[in-house]
J.: 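Would you mind keeping the following structure in view while I ask a few things?
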Amino acid sequence: MDKYIGKFDTKKVTILGSSIGGYAALYFGIMKNINIITNNALIDITLSREVAWKDLQRTIDKLHSYYNINNFIPKHIKDSVIYAINGDFMMDKLNANLLRNCFLRRGRIFIEKVEDSEHTYKLTDAKKVFSIHKLLCAAREISI
């Protein structure tokens, strides 16, 4: 990842992830100080496992190690701007609230709530993804 990110201005780099990939996007995006787009990101793996369906529980059980990123974000975020999309599935609502609370003291986040009671991928339109990327890049230029 460093090999590619190092070729660009980090203000203009965006990582995207969904579900447990959203967890990874948040972690690496914050560590590399790049912009982040998430779709139903898992913020608290332990909590997510408790309310997840059986297949996702088995996937989480295979993780060798993890920590709940809601404790990580407030301590490590620098200039990353986040665009989070979340639906109405119970696990997604719980994680969206945790993510929102991470930014009460520090950071910039856009939250889009969609009407969807399933844990599905919402970013199927490439034009929308690039529009969000442009928004995040522009937001980085604003001094707070």
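Note that these values count all heavy atoms, side chains included, but never hydrogens, waters or copies made by symmetry. Residue numbers run from 1 in the order of the sequence given.
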J.: Any pair with a residue in residues 16-30 that passes salt bridge (charged side-chain N to carboxylate O under 4.0 Å, His left out), sequence neighbours left out, goes on the list, sorted by first then second residue, please.
T.: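 Those involving residues 16-30 do not exist here.
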J.: Return the minimal non-hydrogen interatomic distance between I15 and G29, and the atom names on each side.
T.: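 The answer is CG2-CA, 4.0 Å.
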J.: Suppose we screen for side chain to side chain contact (heavy atoms under 4.5 Å, CB included). Which residues come up paired with D61, at least two apart in sequence or across chains?
T.: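 So D61 forms a side chain to side chain contact (heavy atoms under 4.5 Å, CB included) with R49.
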J.: H119: which residues meet the side chain to side chain donor-acceptor pair (under 3.5 Å) condition with it, sequence neighbours left out?
T.: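 Partners of H119 by the side chain to side chain donor-acceptor pair (under 3.5 Å) criterion, ordered by chain and then number, come out as S19, D92.
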J.: Hey, could you give me the CD1/OG distance between I20 and S48, rounded to the nearest 0.5 Å?
T.: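 I20 CD1 to S48 OG: 8.0 Å, rounded to 0.5 Å.
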J.: Can you give me the closest heavy-atom contact between C137 and K11, atom names plus distance?
T.: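 That would be SG-O, 3.5 Å.
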J.: Apply side chain to side chain contact (heavy atoms under 4.5 Å, CB included) to residues I111 and R100 and explain how you reach the verdict.
T.: CA-CA 8 Å; I111 298 176; R100 189 177 302 109; 3.6 Å; yes
J.: Might you work through the side chain to side chain contact (heavy atoms under 4.5 Å, CB included) test for N70 and N101, ending with a clear yes or no?
T.: CA-CA 8 Å; N70 53 315; N101 290 338; over 6 Å; no
J.: Assess whether side chain to side chain contact (heavy atoms under 4.5 Å, CB included) is satisfied between L47 and L98, documenting all intermediate values.
T.: CA-CA 10 Å; L47 175 66; L98 289 171; 3.8 Å; yes
J.: Do you know the tightest heavy-atom contact between L99 and I73?
T.: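 In terms of heavy atoms, the two residues are closest at CD1-CD1, 3.8 Å.
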J.: If you count heavy atoms of other groups shown closer than 6.0 angstrom to NZ of K134, is the number above 12?
T.: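 No, not enclosed.
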J.: Spell out, as yes or no, whether a donor-acceptor pair under 3.5 Å connects the side chain of N95 to the backbone of D44.
T.: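 Judged by distance alone, yes, a pair lies under 3.5 Å.
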J.: Can you name the ring-ring contact (aromatic ring centres under 6.0 Å, His included) partners of Y66, sequence neighbours left out?
T.: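 Listed in chain order: nothing, the list is empty.
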J.: Please report the closest heavy-atom contact between A25 and G17, naming both atoms and the distance.
T.: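 In this case the closest contact between A25 and G17 is CB-N, 3.7 Å.
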J.: If the condition is side chain to side chain donor-acceptor pair (under 3.5 Å), which residues does S80 pass it with, not counting sequence neighbours?
T.: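 Scan of S80 (side chain to side chain donor-acceptor pair (under 3.5 Å), adjacent residues dropped) gives none.
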J.: Quick one: does any side-chain atom of N39 pair with a main-chain N or O of N86 as donor and acceptor, under 3.5 Å?
T.: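 Flag not set: sc N39 to bb N86 has no pair under 3.5 Å.
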J.: Between atom CZ of R108 and atom CG of N35, what is the distance when rounded to the nearest 0.5 Å?
T.: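 Reported value, rounded in 0.5 Å steps: 9.0 Å.
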J.: Side-chain heavy atoms under 4.5 Å apart, restricted to Ile/Leu/Val/Met/Phe/Trp/Tyr: what other residues fall into the cluster of L135, or is it alone?
T.: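 Its cluster partners, ordered by chain and number, are L16, I37, V81, Y83, I85, F110, V114, Y121, L123, V129, I132, L136.
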J.: Answer yes if W53 and V51 sit in the same cluster of Ile, Leu, Val, Met, Phe, Trp and Tyr residues linked by side chain heavy atoms under 4.5 Å apart, and no otherwise.
T.: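 Both belong to a single hydrophobic cluster.
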J.: Do E115 and D88 have side chains that approach each other closer than 4.5 Å (heavy atoms only, starting at C-beta)?
T.: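 Result yes, sub-4.5 Å side-chain heavy-atom pair found.
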J.: Counting only heavy atoms not in E118, do more than 12 sit closer than 6.0 Å to its CD atom?
T.: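 Counting other residues, nucleotides and ligands, CD of E118 stays at 12 neighbours or fewer.
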J.: So for atom CE, which belongs to M90, do other residues, nucleotides or ligands contribute more than 12 heavy atoms lying within a distance under 6.0 Å?
T.: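 Open.
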J.: Check side chain to side chain donor-acceptor pair (under 3.5 Å) between D9 and all other residues, then give those that pass, not counting sequence neighbours.
T.: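 In terms of side chain to side chain donor-acceptor pair (under 3.5 Å), with neighbours along the sequence ignored, D9 is linked to no residue.
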J.: Show me the pairs that pass salt bridge (charged side-chain N to carboxylate O under 4.0 Å, His left out) and involve residues 17-31, at least two apart or across chains.
T.: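 Every candidate salt bridge (charged side-chain N to carboxylate O under 4.0 Å, His left out) pair involving residues 17-31 fails, so no pair, neighbours aside, qualifies.
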J.: Determine the minimum heavy-atom distance between T38 and I36, stating which atoms define it.
T.: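 Nearest heavy atoms, T38 then I36: CG2-CG2, 3.6 Å.
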J.: Residues in side chain to side chain donor-acceptor pair (under 3.5 Å) with E50, at least two apart?
T.: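 Applying side chain to side chain donor-acceptor pair (under 3.5 Å) to E50 gives none.
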J.: Are L56 and L63 connected, step by step, through hydrophobic side chains (Ile, Leu, Val, Met, Phe, Trp, Tyr) whose heavy atoms are closer than 4.5 Å?
T.: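 Yes: a chain of side-chain contacts under 4.5 Å links L56 to L63.
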J.: Please check if any side-chain donor atom of T120 sits under 3.5 Å from a side-chain acceptor atom of K122, or the reverse.
T.: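 Yes - a donor-acceptor pair under 3.5 Å links their side chains.
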J.: Suppose the criterion is ring pair (Phe, Tyr, Trp, His ring centres under 6.0 Å): which pairs have a residue in residues 6-41, not counting sequence neighbours?
T.: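 Only Y27-F72 qualify under ring pair (Phe, Tyr, Trp, His ring centres under 6.0 Å).
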J.: Give every residue pair that meets the salt bridge (charged side-chain N to carboxylate O under 4.0 Å, His left out) criterion with at least one member in residues 14-34, sequence neighbours excluded.
T.: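 Listed once each, the pairs are D2-K32.
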J.: Applying side chain to side chain contact (heavy atoms under 4.5 Å, CB included), can you list everything that pairs with K54, at least two apart in sequence or on another chain?
T.: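 K54: side chain to side chain contact (heavy atoms under 4.5 Å, CB included) contacts with Q57, R58.
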J.: To the nearest 0.5 Å, what is the distance between NE2 on H76 and SG on C102?
T.: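 Between H76 NE2 and C102 SG, I get 11.5 Å after rounding to 0.5 Å.
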J.: Check whether any side-chain heavy atom of I45 lies under 4.5 Å from a side-chain heavy atom of I60, and answer yes or no.
T.: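 I45 vs I60: side chains touch.
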J.: Locate the shortest heavy-atom distance separating I43 from L26; write the atom from each residue and the value.
T.: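 Heavy atoms only, the tightest pair is CD1-CD1, 3.4 Å.
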J.: Taking D79's backbone N and O only, do any of them form a donor-acceptor pair with R140's side chain (distance below 3.5 Å, no angle check)?
T.: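 Answer holds: yes.
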